[in-house]
J.: 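I am attaching a structure below and will ask some questions about it afterwards.
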Amino acid sequence: MKLKEKTSFDNLVQEVIEKGLCNRCGGCVSFCSADRIGALEIGEDNFPRYADKEKCLECGICYLICPQTSILKEEVREEFGWRPPIGRYQDIFSARTTDEEILKVCTDGGVVTSLLLYMLENNLIDGAVVSKRVGLFSRKPIVATARSELMQAAGSQFSESSHLQEMGAEYTTFVPTIPIIREYAPKSFLRLALVGTPCQIEAIRKMQILKILPADVITFTIGLFCMQSFALDDLMKKKFTKKHQINLKDIVKLNVKEDFILTKNSGITVHIPMEEIEEIARPACLACEDFANNYADISVGGLGSPDVYTTVLIRTIQGKRIYTEALRQGYLEKKVEKTIGKSKAEKSRLLSLIEAFAERKRKRGEERLSKIIDEENPLERIYSKSEAV
Ligand SMILES: Cc1cc2nc3c(=O)[nH]c(=O)nc-3n(C[C@H](O)[C@H](O)[C@H](O)COP(=O)(O)OP(=O)(O)OC[C@H]3O[C@@H](n4cnc5c(N)ncnc54)[C@H](O)[C@@H]3O)c2cc1C
Ligand code: SF4
Ligand code: SF4
Ligand code: SF4
């Protein structure tokens, strides 16, 4: 790691925020070492900004942990034994919950909610950083410590009444869950699991490498596959609904697998290809290169699995232990193939699909970055072509 002297939030402004690469995860603000004296804050637009520049200690921590800088990338890769194209993994399955209640509300197979429930009920964690549904494109981060709270966070289905809570000019599927961890700083004996997108998990891993408190409270990570998060302002909402002939009020579920799937209250599903959905992607997401959540303990998505199943990529030894025990105790069941040959073929199909999506996202990110990175400003510290595999 080479850190230029006097690296500060100014570098993030120049290299990330002004380049349109900030995904508004809130990591920099949450872990600013001058937090108590207030150097940084989240602005009304949800982008980070100086609250008081005079208070900045120029420690560079905000810069180091930002998921959009690459200065700690090698360290993270080394720590997690990363290998191309989708990182380290031990095994892959299609699995689902055995809990009927979870199955009714979950996004795919309810594996995330069931794994968290298994960990809570077996006293392996004290809580889980998840996000509660409050509207169609709207969620709120919470630390769930009981089954009822996990159920409120499961899935992506919405009631009529939850639409009413959608206010403000922007609707987005991205939830800034990282800042909530800061509230747990005084209780660093806690053990929390965290569910997050690849950018969120990467920020956590960087904090853990730097041993920045309270990232040590995160003892287990479940990473969601992620092609992009979406954001709709009022103008885009009108354009999008007209083009696809949908009324957002009729939508009761949204999901992302091979394509973007909207379910209407009539039960009819509308499939929108990934390329077409890019028009409502958050701009920073189009420059992001991690699809398969490379540094999580377990990565999950709907991609490749049949309805009501989740694709589960086991990455770490701890991930394997948790998954295997949840299976053994009957929280989960895996999709069983008739023969060993079929099982092998199925695993290889799932892996090929994930690798193809990961490659597609990497290429898209590389193209987007090459447009952003001009020759005058090579930005050697954000993702660069030389790092792409
Ligand atoms: C923004 C986003 C993009 C995704 N893109 C893809 C994709 O391109 N391809 C693919 O195969 N899968 C994608 N997924 C993952 C997929 O939609 C399911 O979340 C995953 O398969 C788990 O399903 P499940 O039924 O096991 O989870 P459930 O048991 O339903 O639990 C879902 C968990 O995800 C958490 N969660 C929901 N939204 C967010 C969010 N915005 N940020 C952090 N945590 C959240 C909930 O709190 C809950 O704990 C994406 C998910 C999100 C949130
Ligand atoms: S004090 Fe450190 S973490 Fe906070 S803004 Fe300044 S450089 Fe960033
Ligand atoms: S991506 Fe996150 S850590 Fe980086 S500047 Fe934006 S809010 Fe801060
Ligand atoms: S594409 Fe997903 S992982 Fe990448 S910045 Fe957007 S939300 Fe984060």
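The first residue in the sequence is number 1, and the count goes up from there. Order of appearance sets the numbers: ligands from 1, and atoms from 1 within every ligand.
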J.: Do K335 and D307 sit within salt-bridge range, that is, some charged N less than 4.0 Å from a carboxylate O?
T.: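 No, this pair does not count.
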
J.: With respect to L224, determine whether any N or O atom, backbone or side chain, lies less than 3.5 Å from an N or O atom of ligand 1.
T.: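 No, no N or O pair falls under 3.5 Å.
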
J.: With a distance cut-off below 6.0 Å to the six-membered ring centre and an angular limit of 45° from the axis, does R77 pair with Y295 as a cation-pi contact?
T.: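 Ring-cation test returns no.
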
J.: Aromatic rings Y118 and Y331: how do their planes relate, parallel, tilted or perpendicular, breaks at 30° and 60°?
T.: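 Rings of Y118 and Y331: perpendicular, as their planes differ by over 60°.
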
J.: For ligand 1, find out whether one of its N or O atoms is nearer than 3.5 Å to an N or O atom of V130.
T.: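 V130 vs ligand 1: no N/O contact under 3.5 Å.
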
J.: Shared ILVMFWY cluster between L286 and I272, side chains joined below 4.5 angstrom?
T.: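 Each belongs to a different hydrophobic cluster.
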
J.: Quick test: of every protein heavy atom, which one is nearest to atom 6 (Fe) of ligand 3, and how far off is it to 0.1 Å?
T.: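 The closest heavy atom on the protein side is C22 SG, 2.4 Å.
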
J.: Please report the closest heavy-atom contact between R360 and M274, naming both atoms and the distance.
T.: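 Between these two residues, the closest heavy atoms are NH2-CB, 3.1 Å.
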
J.: Side chain, backbone, both or neither: which part of T310 has a heavy atom under 4.0 Å from ligand 1?
T.: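 Looking at T310 and ligand 1, just side chain atoms fall under 4.0 Å.
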
J.: Can you measure from OH (Y323) to NZ (K334) and round to the nearest 0.5 angstrom?
T.: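 That separation rounds to 5.5 Å.
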
J.: Do the ring planes of F357 and F291 sit parallel (below 30°), tilted (30 to 60°) or perpendicular (above 60°)?
T.: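 F357 and F291: tilted rings.
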
J.: Would you say the side chain of R364 lies within less than 4.5 Å of the side chain of E275, judging by non-hydrogen atoms?
T.: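 In short, these two side chains do not touch, never coming nearer than 4.5 Å.
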
J.: Looking only at heavy atoms, is any part of T107 under 4.0 Å from ligand 1, and if so is it the side chain, the backbone, or both, or is it neither?
T.: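 Near ligand 1, T107 shows its backbone as well as its side chain.
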
J.: Would you say ligand 1 has an N or O under 3.5 Å from any N or O of M227?
T.: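 Among all N and O atoms of M227, at least one is under 3.5 Å from an N or O of ligand 1.
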
J.: Looking only at protein heavy atoms, identify the closest one to atom 8 (Fe) of ligand 3 and say how far it is in Å.
T.: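 Protein heavy atom at minimum distance: C28 SG, 2.3 Å.
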
J.: Could you check atom 2 (Fe) of ligand 3 against the protein and tell me its nearest heavy-atom contact, residue, atom and distance included?
T.: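 Its nearest protein heavy-atom neighbour is C25 SG, 2.4 Å.
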
J.: Determine whether L124 and L116 fall in the same hydrophobic cluster, where Ile, Leu, Val, Met, Phe, Trp and Tyr are linked whenever their side-chain heavy atoms lie under 4.5 Å apart.
T.: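 Looking at the clustering, L116 is in the same group as L124.
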
J.: Is it the case that ligand 1 has an N or O less than 3.5 angstrom from some N or O of G110?
T.: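 Checking ligand 1 against G110, an N or O pair does fall under 3.5 Å apart.
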
J.: Quick one: does ligand 1 sit under 4.0 Å from the side chain of N255, the backbone, both or neither, non-hydrogen atoms only?
T.: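 Within the 4.0 Å criterion, N255 contacts ligand 1 through side-chain atoms alone.
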
J.: Of all the atoms in ligand 2, which lie at a distance below 4.0 Å from a heavy atom belonging to L40?
T.: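 This gives 5 (S) as the contact atoms.
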
J.: Is the distance from atom 6 (Fe) of ligand 2 to some N, O or S atom of C59 under 2.8 Å?
T.: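 For C59, the answer is no, given that no N, O or S atom comes within less than 2.8 Å of atom 6 (Fe) of ligand 2.
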
J.: Please determine whether any non-hydrogen atom of F291 lies less than 4.0 Å from an atom of ligand 1.
T.: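 True for this residue.
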
J.: Quick check: Q228 and ligand 1, any N/O pair under 3.5 Å apart?
T.: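 No - when backbone and side-chain N and O of Q228 are compared with those of ligand 1, no distance drops under 3.5 Å.
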
J.: Can you report which non-hydrogen protein atom sits closest to atom 4 (Fe) of ligand 3, along with the distance?
T.: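 The answer is C66 SG, 2.4 Å.
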
J.: Please say whether Q200 places an N or O atom under 3.5 Å from an N or O atom belonging to ligand 1.
T.: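 No, no N or O pair falls under 3.5 Å.
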
J.: What residue and heavy atom of the protein are closest to atom 7 (S) of ligand 3, and at what distance?
T.: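 I find the closest protein heavy atom is G26 N, 3.3 Å.
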
